[in-house]
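Beneath this line is the structure, given in C-alpha cells, with notes to follow.
All chains are named by letter (A, B, ...) in the order of the sequence lines, taking the proteins before the strands, and each is independently numbered beginning at 1. Computation of the quantities below employed the complete heavy-atom set of this structure, encompassing side-chain atoms and omitting hydrogens, waters and symmetry-equivalent molecules.
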Amino acid sequence: AQSVTQLDSQVPVFEEAPVELRCNYSSSVSVYLFWYVQYPNQGLQLLLKYLSGSTLVESINGFEAEFNKSQTSFHLRKPSVHISDTAEYFCAVSAFGNEKLTFGTGTRLTIIP
Amino acid sequence: EAGVVQSPRYKIIEKKQPVAFWCNPISGHNTLYWYRQNLGQGPELLIRYENEEAVDDSQLPKDRFSAERLKGVDSTLKIQPAELGDSAVYLCASSLAPTEAFFGQGTRLTVV
C-alpha cells in the first residue's frame with residue numbers, strides 16, 4: 001500500500017515570493033507521482049507528474065517538482081507566486097501497474113497581496 | 001472537448017433518504033473512477049471501472065453504496081439509505097492512460 005504525507009495544511013505567502021509545498025510518500029514498490037490543483041469551486045486538475053526519466057518536472061504555469069527517491073519526496077516549488085495561484089494543492093501517488101491514486105490531505109496556498 | 005460532467009453539483013437530503021449521482025466521462029475514456037473527498041481530506045477511491053466491469057470496489061461500503069456503469073459510458077453512484085457521515089464531495093474521474101486521470105467538478109452532498 002502507498003501513503004502520502006503533506007505536512008503543511010496551510011501555507012500563506014506574499015505575492016511574488018517563492019513557495020515550496022512539501023510532499024513525502026511511502027511505498028514498497030515503485031510509484032508514479034502527481035500534483036493536482038483544486039481552484040475554488042472547481043474540480044481537481046493535473047498540475048504535473050513524474051513517471052520516469054528526469055527527476056525535475058515542470059508545469060506550464062511555472063511550478064516545478066523534483067522527485068527525490070532517497071528522501072521519498074516530491075516537493076512542489078514556484079519561484080514567484082501570483083494571486084491566481086490561490087488554491088488547494090494535492091500530492092498523489094500510484095503504484096506501477098495500479099491505476100488507483102492515493103492522495104495526501106492537501107495544502108491550501110493563500111497568496112497575500 | 002467536454003470534460004468529465006457530473007450532476008447534480010449540490011445535493012441536500014435528510015438522513016435515511018436515498019441519493020444518486022451521475023457522471024459522464026470524457027468520450028473514449030475506458031476507465032472511470034468514483035472518489036469521495038471528506039472535508040479537509042484528500043480524495044479516496046470508492047470504485048474503479050474498466051469499461052462495464054468494476055475492477056476495484058474494495059473501498060465501496062457495499063451495505064449502502066452501489067454503482068453501475070451501463071454500456072461502459074455513463075455511471076451512477078447511489079447511496080441508500082444515506083447517513084450523516086456520508087456528507088462529502090463525490091468526485092468522478094476518467095482516464096485513457098493509467099497516468100492521467102481527469103476529474104469532474106464533483107457533487108457536494110450534505111446529509112442533515
Quiz item: Hey, quick one: are B/V89 and B/W34 part of the same hydrophobic cluster, counting side-chain heavy atoms closer than 4.5 Å, chains of contacts allowed?
Solution: no
Given B/G40, B/P43, B/A93, B/G42, the one with more heavy-atom pairs under 4.5 angstrom with chain A than any other is B/P43
query: Do you reckon B/V73 sits in the same ILVMFWY cluster as B/V4, going by side-chain contacts under 4.5 Å, direct or chained?
result: no
Mark yes when over 12 heavy atoms from residues, nucleotides or ligands other than B/L39 sit less than 6.0 Å from its CG; otherwise mark no. no
Okay, B/R108 and chain A: the region with an atom under 4.5 Å from a heavy atom over there is neither
In short, A/K49 meets B/E100 closest at the heavy-atom pair NZ-OE1, 3.1 Å
A/L46 side chain reached by B/F102 side chain, heavy atoms, under 4.5 Å
no
Assess whether atom CZ of A/F14 is packed by more than 12 heavy atoms of other residues, nucleotides or ligands within 6.0 Å.
no
In this structure, CG of B/N38 is separated from OG1 of A/T105 (nearest 0.5 Å) by 12.5 Å
If one checks every heavy atom of A/L44 against chain B at 4.5 Å, the contacting part turns out to be both
Crowding at CG, A/L7 (>12 non-hydrogen neighbours, <6.0 Å):
yes
Distance col, row A/Q38:CD vs B/Q37:CD, nearest 0.5 angstrom, shows 5.0 Å
Taking every heavy atom of A/N41 against every heavy atom of B/Y10, the minimum-distance pair comes out as OD1-OH, 4.2 Å
### Message
Looking at A/R77, I'd like to know if its CZ atom is crowded, meaning that more than 12 non-hydrogen atoms belonging to other residues, nucleotides or ligands lie closer than 6.0 Å.
### Response
yes
Checked B/G106, B/A97, B/A101 vs chain A; the most non-hydrogen pairs under 4.5 Å come from B/A101
The reported gap from CG in B/L45 to OG1 in A/T102 (rounded to nearest 0.5 angstrom) is 8.5 Å
Ranked by heavy-atom pairs below 4.5 Å to chain B, first place among A/Y36, A/Y32, A/F103 goes to A/F103
Using only atom types and a distance under 3.5 Å, with no angle test, would you say the side chain of B/Y33 pairs donor to acceptor with the backbone of A/L101? no
>> Between A/I111 and A/F90, is there shared hydrophobic-cluster membership here, with clusters defined by ILVMFWY side-chain heavy atoms closer than 4.5 Å?
In response: no
(message) Would you say that more than 12 heavy atoms from the other residues, nucleotides or ligands in this model lie under 6.0 Å from the CG of B/L84, or not?
(response) yes
Exercise. Does any non-hydrogen side-chain atom of B/E44 lie less than 4.5 Å from one of A/K100?
Worked result: no
* To do: Would you indicate whether B/K62, at its atom NZ, is surrounded by more than 12 heavy atoms from other residues, nucleotides or ligands within a distance under 6.0 Å?
  => yes
